[in-house]
Protein chains: 2
Amino acid sequence: MNISRAAELSGVSAKMIRHYESAGLIPAAGRTAAGYRVYAMDDVHRLAFIRRARAVGFGTADIRQLLSLWQNRQRPARDVKRLAVEHLQQLQARIADLEAIADTLSHLIGHCQGDERPDCPILDSLAADSPAPAATSTKRSKKAK
Amino acid sequence: MNISRAAELSGVSAKMIRHYESAGLIPAAGRTAAGYRVYAMDDVHRLAFIRRARAVGFGTADIRQLLSLWQNRQRPARDVKRLAVEHLQQLQARIADLEAIADTLSHLIGHCQGDERPDCPILDSLAADSPAPAATSTKRSKKAK
DNA sequence: GCTAAACCTTCCCATGATGGGAAGGTCAAG
DNA sequence: CTTGACCTTCCCATCATGGGAAGGTTTAGC
């Protein structure tokens, strides 16, 4: 089958199929005499695997490992789990960061009347809150006017 | 003062100061005869404002608007609040997405023993879960072998 | 057999914020 | 005058995805 059919069956766009090939996530596809890529169901399965891994947030490097673990029937489930747990922790860290930001913003919004008047605690806070993070001064910096 | 001093005082790296200039968030700095950028405290304040806005997740476009609202003493606080609320909603949407992913992953991890044996529900799930999203078939696709 | 549509190919560009690093000019202290 | 700490611009990379151009191929319809 050609690339658009493989895209249709796997749920991965033709554009991304080529991308995954160049990134080495899938083996280089066979070609027709005219240079068209040719796919079999095996490839479609692999692509769908990648799509699902992406859907739970795994990045290229993680997926590369997952694919190799998937291929290797001998691998211990522990390896897979470790990868997944690490990824989950990163996800949770990102969520915590975003929540902290959302809380801050939410707090600011709560203090803003949001009416016709120009008084706005949100802008005030952005304009003059924390001084400046750890000033890593450089050599000549004292002299700088 | 020169760019590295402005960076030190504002907490924005010299690299990013140049970037913000080219992005139009700050006016083009004045130059010495030799072409060095020259800054005053006004610029430092503006940069610090940008830094704090970035810290609560605002993107370039939002910051551009915030800066113009900040400059304009006549603006109604409502405009600022609206921008902030929209941004907060986007943040919350992203958080919800990540949480859904984290939940899915967490669920999979919970079902994986993670021992020496090769059985792994995580890989199984990636290998054969949802079929493929809405196949948008193209014209000739039926014929594709 | 010719034409036009629907494919395919590769290559470049853009996103968004940030940093790394190279090549080359400038300034101040010794 | 040398040296080191600056400054400048320009290119590249991240990460995954898509847009689009230029140009070749295949197939349906006549």
Side-chain angles (χ1 to χ4, degrees), chain A residues 1-8 10-26 28-39 47 50-64 87 90-91 94 97 101 133 136-145, chain B residues 1-8 10-26 28-39 47 50-64 87 90-91 94 97 101 133 136-145:
Chain A
M1 72 185 83
N2 60 25
I3 198 170
S4 64
R5 179 78 178 137
E8 194 181 337
S10 66
V12 175
S13 73
K15 206 87 178 183
M16 288 312 294
I17 293 176
R18 296 193 193 98
H19 177 68
Y20 290 148
E21 178 178 318
S22 84
L25 290 189
I26 53 174
R31 302 288 183 126
T32 65
Y36 284 22
R37 287 177 179 79
V38 179
Y39 297 90
L47 286 167
I50 294 173
R51 175 174 56 77
R52 293 185 200 104
R54 287 283 317 128
V56 287
F58 284 108
T60 307
D62 290 330
I63 294 178
R64 204 184 308 276
H87 178 50
Q90 287 175 6
L91 275 177
R94 275 177 63 199
D97 284 352
I101 291 175
T136 309
S137 68
T138 52
K139 303 297 175 55
R140 229 169 53 192
S141 61
K142 284 191 193 88
K143 272 297 189 76
K145 191 285 168 118
Chain B
M1 72 184 83
N2 60 26
I3 198 169
S4 66
R5 178 76 178 139
E8 195 182 334
S10 66
V12 174
S13 74
K15 206 84 177 183
M16 289 311 294
I17 293 178
R18 296 191 193 98
H19 177 67
Y20 290 148
E21 178 178 318
S22 84
L25 289 190
I26 53 175
R31 304 287 183 124
T32 66
Y36 284 22
R37 287 177 179 80
V38 178
Y39 297 91
L47 287 166
I50 295 173
R51 176 175 55 77
R52 294 186 200 102
R54 287 282 318 127
V56 288
F58 284 107
T60 306
D62 290 329
I63 295 178
R64 204 184 308 276
H87 178 49
Q90 287 175 7
L91 273 178
R94 275 178 63 198
D97 285 351
I101 291 176
T136 309
S137 67
T138 51
K139 302 297 174 54
R140 231 167 55 192
S141 62
K142 283 190 191 86
K143 271 297 189 77
K145 194 275 171 118

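Order of the sequence lines fixes the chain letters, A, B, ..., with proteins taken first and strands second; residue numbering starts at 1 for each chain.
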### Candidate nucleotides C:dT9, D:dC7, D:dT17, ranked by approach to the side chain of A:His19 - the nearest
D:dT17
### Task
Compare side-chain N and O positions of A:Ser4 against OP1 and OP2 of C:dA6 and report whether any pair is under 4.0 Å apart.
no
### Task
Report yes if a side-chain nitrogen or oxygen of B:Arg37 is closer than 4.0 Å to either non-bridging phosphate oxygen (OP1 or OP2) of D:dC7; otherwise report no.
no
### Message
By nearest heavy atom, map B:Glu21 and A:Gly59 onto DNA chain D; which one lands nearer the 5' end?
### Response
B:Glu21
### Task
Name the residue closer to the 5' end of DNA chain C, choosing between B:Thr60 and A:Arg18 according to the nucleotide with the nearest heavy atom.
A:Arg18
### Task
Go through D:dC15, D:dT26, C:dT26 for me and flag the one nearest to the A:Ala34 side chain.
D:dT26
### Query
Taking the side chain of A:Asn2 as heavy atoms from C-beta outward, which of D:dT9, C:dT9, C:dC7 is closest to it?
C:dC7
### Query
To the nearest 0.5 Å, what is the distance between CG (A:Leu25) and CZ (A:Arg54)?
10.0 Å
#### Entry: Options C:dT9, D:dT8, D:dT17, nucleotide nearest the side-chain atoms of A:Ile3
C:dT9
### Task
Let me see the working for B:Glu8 and B:Arg5 under salt bridge (charged side-chain N to carboxylate O under 4.0 Å, His left out), right down to the final yes or no.
CA-CA 5 Å; B:Glu8 195 182 334; B:Arg5 178 76 178 139; 3.4 Å; yes
#### Entry: Distance, rounded to the nearest Å, where B:Arg52 contributes CZ and C:dA17 contributes C1'
19 Å
### Task
Let me know the distance between CZ of B:Arg31 and C1' of C:dT26, rounded to the nearest Å.
14 Å
### Message
Side chain of A:Lys15, heavy atoms from C-beta onward: which of D:dT8, C:dT9, D:dG19 has the nearest atom to it?
### Response
D:dG19
### Query
Does B:Arg51 have a side-chain nitrogen or oxygen under 4.0 Å from the phosphate oxygens OP1 or OP2 of C:dA17?
no
### Message
Do A:Arg64 and A:Thr60 make a side-chain contact, defined as non-hydrogen atoms from C-beta onward lying under 4.5 Å apart?
### Response
yes
### Query
If you check every side-chain atom of B:Met16, which of C:dA17, D:dT8, D:dG18 has the closest atom?
C:dA17
### Query
Over how many whole Å does the gap from B:Ile17 atom CD1 to D:dC7 atom P extend?
10 Å
### Query
Would you say a side-chain N or O of B:Arg54 is under 4.0 Å from OP1 or OP2 of C:dT18?
yes
### Query
Quick one: is D:dG18 close enough that its OP1 or OP2 comes under 4.0 Å of any side-chain N or O from A:Ser13?
yes
### Message
Distance check needed: D:dC15 P versus A:Gln90 CD, whole Å only.
### Response
12 Å
### Task
Any chance you could lay out the side-chain contact (heavy atoms from CB on, under 4.5 Å) test for A:Ile63 and A:Tyr20, step after step, and finish with the verdict?
CA-CA 11 Å; A:Ile63 294 178; A:Tyr20 290 148; 5.9 Å; no
### Summary
A:Ile101 CD1 to C:dA17 P, in whole Å, measures 13 Å
### Message
Applying a 4.0 Å non-hydrogen cut-off, can you work out what A:Phe58 is touching in the nucleic acid: base, sugar-phosphate, or nothing?
### Response
nothing
### Message
Any non-hydrogen side-chain atom of B:Arg51 less than 4.5 Å from a side-chain atom of B:Met16?
### Response
no
### Query
Could you give the CE-to-P distance, from A:Met1 to C:dC7, as a whole number of Å?
16 Å
### Query
Roughly how far, to the nearest 0.5 Å, is CD1 of B:Ile50 from CD1 of B:Ile17?
9.0 Å
### Task
Considering just the side-chain nitrogens and oxygens of A:Thr32, establish if one lies under 4.0 Å of OP1 or OP2 belonging to D:dT25.
no
#### Entry: C:dG25 OP1/OP2 closer than 4.0 Å to side-chain N/O of B:Tyr36
no
